[in-house]
Amino acid sequence: MDKRIVAFLSICIVLFSFLGIRAMVHVFETKPELPAASTATEMKRFVLITQERNTPFWKKVATGAEAEAKKRGIALKVMGSYSTDDTSFLRDMELAIHARVDGILVQGLDNKQFQQLAQVKAAYYGIPVITIGNDVPIDSSLRKTYVGTDQQLAAKRLAESAVSTLKRHEQLVVMTSQSPSYSEKQRLKGVRAAVKGQSIELVVWRTPVEEELVDTTQRLLNEYPQATAFMTLNASDMTTLVQEMAKRMEMLRVKLYTFDDGIDIETLRATGKLNRIVVQQPTEMGKKGVQLLEKWQSGEALNPNGYNTSFTIEEGL
Amino acid sequence: MRKIQNKIWVLVMIAVAIMGAIWLALTHVMEENQTQSNEMLKRYMEINAMTQQTSQLITSLNAQIVEPSTHHRDVTYTHIDRIQNVQQHVLQLKNAENAFDIMNYSHLLASLTDTSTRILNLIDEQEMEEANREFKEANRIANYVSDTTLTLLSSELTTYDEVYRNLIERSQALNQLAFIVLCWITAVLLLGTYWFSATLTKPVKQLTTAANALAQGKFDTTIDVHSKDELAFLAQTFDYMRKSINRSIDELQQKAQLEQELQQSQLLLKESQLKSLQNQVNPHFLFNALNTLSKKAYLDGAEETSDLLIDVAGLLRYNLKNSDQAVKLADELTVCRQYMQIQQARFSDRLQFEVDIDRRLTDVMMPSFTLQPLIENAVIHGIEPKEEGGTVTLKVALHDGSVRIEIHDDGLGMHAQQIAALWQADPQEHIGFANVAMRLTLFFGRSDLMDIQSEVGKGTTIHIYIPLEEAEYAYFNC
């Protein structure tokens with residue numbers, strides 16, 4: 001009776017000691033740490049605002065910009081909307097301005113509100129605005145500079161490669177919006193320059209805003225059934241074009257040309273249906289954008305004509 | 001530990017100390033948890049408070065625009081001040097995760113207050129259209145503030161999600177720990193209490209066992225108690241008692257043994273003395289001699305002399321028999337008669353002898369050599385010294401359950417001191433009064449079988465009582 005009770009209790013004590021120590025260690029392990037209050041003096045804040053956050057193109061721009069900002073100890077935030085939604089895009093821009101950020105990298109939007117914001121508000125707070133990827137006319141926006149591809153030149157090169165495959169009197173159909181963005185206008189200029197003096201028929205198809213893209217594409221294909229070269233100045237239109245074409249005709253007969261800043265550009269390239277595309281350098285743009293903003297912050301003058309990043313015309317595969 | 005009380009103290013102190021320590025540790029950790037929870041909540045509430053402030057500002061601005069008045073103006077300025085005051089506070093909430101948004105927040109508030117001030121000035125200057133435009137903007141800014149609040153709160157929640165999970169995990173770990181500690185303490189205290197009570201009950205049990213052993217007469221097992229407290233002291237005392245009892249018993253035993261040995265050796269000595277006495281004389285020669293003398297005397301015509309010689313032979317024969325035999329009363333009486341006849345021949349008329357004997361009783365057994373020595377005493381010490389001589393009377397009769405033998409002489413008598421001396425004489429020395437008394441006592445196992453009365457000048461009477469069985473007495477008493 002004696003020894004058994006003592007033995008039993010001793011075993012209990014040893015067991016509980018072991019368990020207890022383990023539990024204690026566990027308690028001290030899970031010490032929750034509050035994130036330390038940052039005593040860093042005000043660091044610089046830049047924002048990157050785009051209307052097409054969900055495209056691979058702009059994601060790369062963001063990556064490039066963020067990496068460069070981190071390197072330089074600058075805080076960068078990516079804002080904007082997901083599908084060419086003007087309202088929330090402009091809202092974000094106004095928020096950034098009122099929040100007195102130190103620099104704005106923004107995808108250019110050529111409308112009155114944008115101009116108002118860039119010209120008046122940003123200037124009022126002394127915030128430099130640099131357009132990235134897509135430019136706007138300098139006079140109306142007073143943007144400090146532009147970083148991105150020379151759209152006019154790129155389009156010209158693309159059109160040249162298209163023209164080189166066409167025979168006399170063949171048609172090159174160019175799709176663009178009825179109210180085109182500044183980039184599109186520039187691209188059209190480039191195309192015209194490439195076609196000038198060539199015996200190619202240039203068809204400029206302006207897609208109305210009210211009409212569904214599918215419907216207008218259908219109409220286009222109806223009206224120009226014999227066209228063998230199609231170019232979309234807005235890269236996202238290419239998806240619908242391919243879709244509609246695939247319903248109707250042999251794809252091999254037709255050559256497609258576009259730019260690489262569309263939503264589904266990766267998928268399209270994978271299908272192999274594209275012949276030539278303009279491949280831009282979005283990561284470089286992002287990086288350069290941040291560098292330029294900082295340059296401005298440190299008082300250097302910027303070239304208002306813009307800093308062009310390189311591009312290539314590549315096979316669509 | 002010297003005292004039981006001390007042991008209790010120590011046990012209780014240890015228990016209290018352990019529990020105190022555990023309570024302190026647990027409380028500390030819980031407090032830490034609580035503090036961190038509070039910190040987190042505080043942040044949320046501060047951020048939220050800001051939003052309320054801004055919406056109040058907008059409301060009062062609106063009121064001022066709709067109905068400009070000093071009151072509205074002052075209220076608005078109050079709100080502006082408040083916001084400006086708290087703006088600093090907001091910056092303290094900055095951490096690595098939310099630095100960007102916090103700074104946005106802070107600047108947005110600044111923009112709002114600037115715009116608000118501007119609006120108030122415009123209203124003062126009656127520029128209502130401009131004021132309205134600015135108010136639209138102020139509204140938008142207030143909305144941005146709300147948006148940023150939401151962003152901040154969302155970011156906070158994400159940041160602190162991890163922390164919060166940790167807190168919960170910690171709480172649970174703590175609960176587990178507390179439970180295990182409770183079990184541990186229970187086990188420890190049970191063990192401690194058990195040990196403690198064992199140190200009490202074990203000695204008590206040992207003492208009980210020892211007492212039982214003593215009660216049953218086993219005095220040899222030592223009482224061994226190991227503790228150093230009061231119980232040990234008790235056990236020690238107990239053991240001393242046992243040892244001294246043991247010693248007393250041993251001493252008694254030794255004494256008794258010695259006495260027994262002494263008695264035995266004394267008896268042996270007496271026996272050997274008698275034997276040696278006996279062996280000193282060759283009995284056969286004496287008998288033959290006496291016989292011859294007796295015959296010769298008879299032939300010479302001296303019949304009395306012949307009778308006397310026969311008496312002497314009888315006496316001698318009786319003397320040479322084993323002295324520790326039991327004999328009949330009749331034999332003793334015969335010896336007495338023979339002795340008296342010899343003595344009467346010597347003392348002639350000076351010595352008279354009378355007998356009164358109940359012949360029925362003479363078959364009872366008694367030790368030998370009891371009557372003759374007494375008769376001899378009566379003759380030599382009682383009658384002989386008396387000039388005119390005297391009479392020795394010998395009576396045997398029933399008396400009160402015994403056979404009473406009376407030996408009376410009317411001789412000199414004795415003083416009380418002489419009587420006392422008789423009783424106190426050494427029974428071993430010679431066959432005398434004391435010896436007879438002792439042998440009677442040893443034979444019958446009673447010490448009240450002889451008495452003696454004497455008066456100086458009157459005489460001496462000795463009584464000997466031979467106890468009878470009830471049946472024998474009844475038989476003789478009819």
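All values below come from the heavy atoms of this structure, side chains included, with hydrogens, waters and symmetry mates left out. Residue numbers start from 1 in every chain, and the chains themselves are labelled A, B, ... in the order their sequence lines are given, proteins ahead of strands.
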Need one label for [X]: side chain, backbone, both or neither, based on atoms under 4.5 Å from any heavy atom in chain A.
X: B:Asn98; answer: neither
X: B:Ala110; answer: both
X: B:Ile141; answer: side chain
X: B:Thr151; answer: side chain

Would you indicate whether the side-chain heavy atoms of A:Phe57 and A:Asp260 approach each other to under 4.5 Å?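 Answer yes - side chains close enough.
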With side chains defined as the heavy atoms from C-beta onward, is the minimum distance between A:Gln280 and A:Thr309 less than 4.5 Å?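 Side-chain contact under 4.5 Å: no.
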Measure [X] against the heavy atoms of chain B and call it side chain, backbone, both or neither at under 4.5 Å.
X: A:Leu76; answer: backbone
X: A:Tyr124; answer: side chain
X: A:Arg22; answer: neither
X: A:Phe8; answer: neither

Can you measure from [atom1] ([X]) to [atom2] ([Y]) and round to the nearest 0.5 angstrom?
X: B:Trp195; Y: B:Lys202; atom1: CH2; atom2: NZ; result: 12.0 Å
X: A:Ile74; Y: A:Met43; atom1: CD1; atom2: CE; result: 10.5 Å
X: A:His26; Y: B:Leu177; atom1: NE2; atom2: CG; result: 10.5 Å

With respect to chain B, which residue among A:Leu19, A:Leu9, A:Leu95 yields the maximal number of heavy-atom pairs within a distance under 4.5 Å?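 Between A:Leu19, A:Leu9, A:Leu95, the count favours A:Leu95.
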Between A:Cys12, A:Ala96, A:Ser17, which shows the greatest number of heavy-atom pairs under 4.5 Å with chain B?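 The residue among A:Cys12, A:Ala96, A:Ser17 with the greatest pair count is A:Ser17.
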Whether [Y] and [X] form a salt bridge (side-chain N of Lys/Arg under 4.0 Å from carboxylate O of Asp/Glu) is what I want to check.
X: A:Lys71; Y: A:Glu68; value: yes
X: B:Arg170; Y: B:Glu32; value: yes
X: B:Glu137; Y: A:Lys121; value: yes
X: B:Arg165; Y: B:Glu169; value: no
X: A:Asp92; Y: A:Lys77; value: no

Who among B:Asp101, B:Thr148, B:Val181, B:Leu109 has the most heavy-atom pairs with chain A under 4.5 Å?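 The option with the most such pairs is B:Asp101.
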As an exercise: rank B:Ile185, B:Val29, B:Thr186, B:Asp147 by heavy-atom pairs under 4.5 Å with chain A and give me the winner.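 Heavy-atom pair counts peak at B:Asp147.
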Look at the aromatic rings of A:Tyr125 and A:His98 and report parallel, tilted or perpendicular, splitting at 30° and 60°.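 Ring orientation, 0 to 90° scale: perpendicular.
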Qualifying residues under side chain to side chain donor-acceptor pair (under 3.5 Å), relative to A:Ser181, sequence neighbours excluded: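 With sequence neighbours excluded, A:Ser181 shows a side chain to side chain donor-acceptor pair (under 3.5 Å) to no residue whatsoever.
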Members of residues 44-55 of chain B whose heavy atoms come closer than 4.5 Å to chain A: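 Result: none.
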